[in-house]
Amino acid sequence: MKKVKLGVLVSGRGSNLQAIIDNIEEGRLSAEIALVISDQPDAFSLERARKHNIPAVHVSAKGYKGRREEYDALLVKELQKHDVELVCLAGFMRIITPVLLKAFPQRILNIHPALLPSFPGLHVQMAALKHGVKFSGCTVHFVDENMDTGPIIIQAVVPVLDNDTEDSLSARILEQEHKIYSRAIQLYAEGKLRIEGRRVFTSGGGDQNGVLTNP
Ligand code: GAR
């Protein structure tokens with residue numbers, strides 16, 4: 001099967017990146033990471049990539065305040081240089097602009113640590129705890145022009161326990177993130193994702209891309 005060429009954008013520790021690398025190396029994902037880009041010079045993600053001989057670059061956002069389109073044009077150039085087909089945001093803490101969206105139409109995915117459309121934005125595990133929800137989880141979605149609003153591909157649900165802290169809930173969610181991101185990429189690689197309006201269908205029909213987990 002053809003391997004889809006990924007460009008993974010990161011800002012930090014890169015545990016989602018690592019899960020994608022591991023799934024590729026263990027033959028569970030028909031993909032190849034063509035390039036990792038970090039907006040942070042010291043992101044641990046860069047080290048993770050290099051350890052696996054994956055090209056990894058820091059594209060500095062210094063001097064691009066208020067010029068986000070120009071920064072995104074730099075990203076597009078790098079991604080195209082490496083023949084990237086699918087862009088995966090994996091803890092990339094920047095808002096992307098139409099420049100990137102137009103270069104990769106319906107070819108940018110994001111992972112978010114909450115059940116969208118609840119709790120978009122940042123520090124969402126804490127927000128879920130404070131709100132008192134009984135379940136939270138994570139979402140893989142196509143990226144559109146607004147933050148955390150694009151068509152949803154897969155979600156996984158985890159319980160919120162009475163004694164949860166931000167850390168314990170985040171860890172429970174992260175374990176699921178590591179599974180569903182690769183699953184969504186694999187569905188893309190197999191050409192199985194079909195977007196109709198806000199809804200994403202898996203061709204072949206009948207598949208249920210909600211994942212319920214037990215504590
Ligand atoms: C993950 O929990 C991811 O869902 C979140 O950042 C973390 C990155 O962890 N992303 C967002 O909050 C995007 N709004 P990682 O660097 O270990 O993959």
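Being a predicted model, the structure only gives us computed values, none of them experimental. The basis for the numbers below is simple: all heavy atoms, side chains too, and nothing from hydrogens, waters or symmetry mates. Whatever order the structure lists ligands and atoms in, that order sets their numbers, starting from 1.
Here the protein heavy atom with the shortest distance to atom 15 (P) of ligand 1 is Ser15 N, 3.4 Å. Among protein heavy atoms, atom 9 (O) of ligand 1 sits closest to Arg13 NH2, 3.2 Å. At the top of the distance list for atom 6 (O) of ligand 1, counting protein heavy atoms only, stands Met93 CE, 3.4 Å. Nearest protein neighbour of atom 14 (N) of ligand 1, counting heavy atoms only, is His112 ND1, 3.7 Å. Counting only heavy atoms of the protein, atom 16 (O) of ligand 1 lies nearest to Gly14 N, 2.8 Å. Annotation: atom 12 (O) of ligand 1 to nearest protein heavy atom, Pro113 CD, 3.5 Å. Here the protein heavy atom with the shortest distance to atom 4 (O) of ligand 1 is Glu177 OE1, 2.7 Å. Protein heavy atom nearest atom 13 (C) of ligand 1, with residue, atom name and distance: Ile111 O, 4.0 Å.
Remark: side-chain polar atoms of Gln186 are paired, donor with acceptor, to backbone N or O of Ser30 under 3.5 angstrom. Remark: the backbone N or O of Ala90 is not paired with any side-chain donor or acceptor of Asn16 at under 3.5 angstrom.
Taking the six-membered ring wherever Trp is involved, the centroid distance between the rings of His112 and Phe119 does not fall below 6.0 Å.
In this comparison of Val10, Asn16, Leu122, Leu89, the heavy atom closest to atom 18 (O) of ligand 1 sits on Asn16.
Ion pairing of Lys81 with Glu78 is present here, as a side-chain N (NZ or NE/NH1/NH2) and a carboxylate O approach within less than 4.0 Å. A salt bridge links Arg172 and Asp164; the closest N-O separation between the charged side-chain nitrogens and carboxylate oxygens is under 4.0 Å.
Pairs passing the side chain to side chain donor-acceptor pair (under 3.5 Å) check and including a residue from residues 82-96, sequence neighbours excluded, read Lys2-Glu85, Glu85-Tyr188.
Met147 forms part of a hydrophobic cluster together with Ile95, judged by ILVMFWY side-chain heavy-atom separations under 4.5 Å.
Checked against a 3.5 angstrom limit, the closest N/O atoms of Leu174 and ligand 1 fall outside it.
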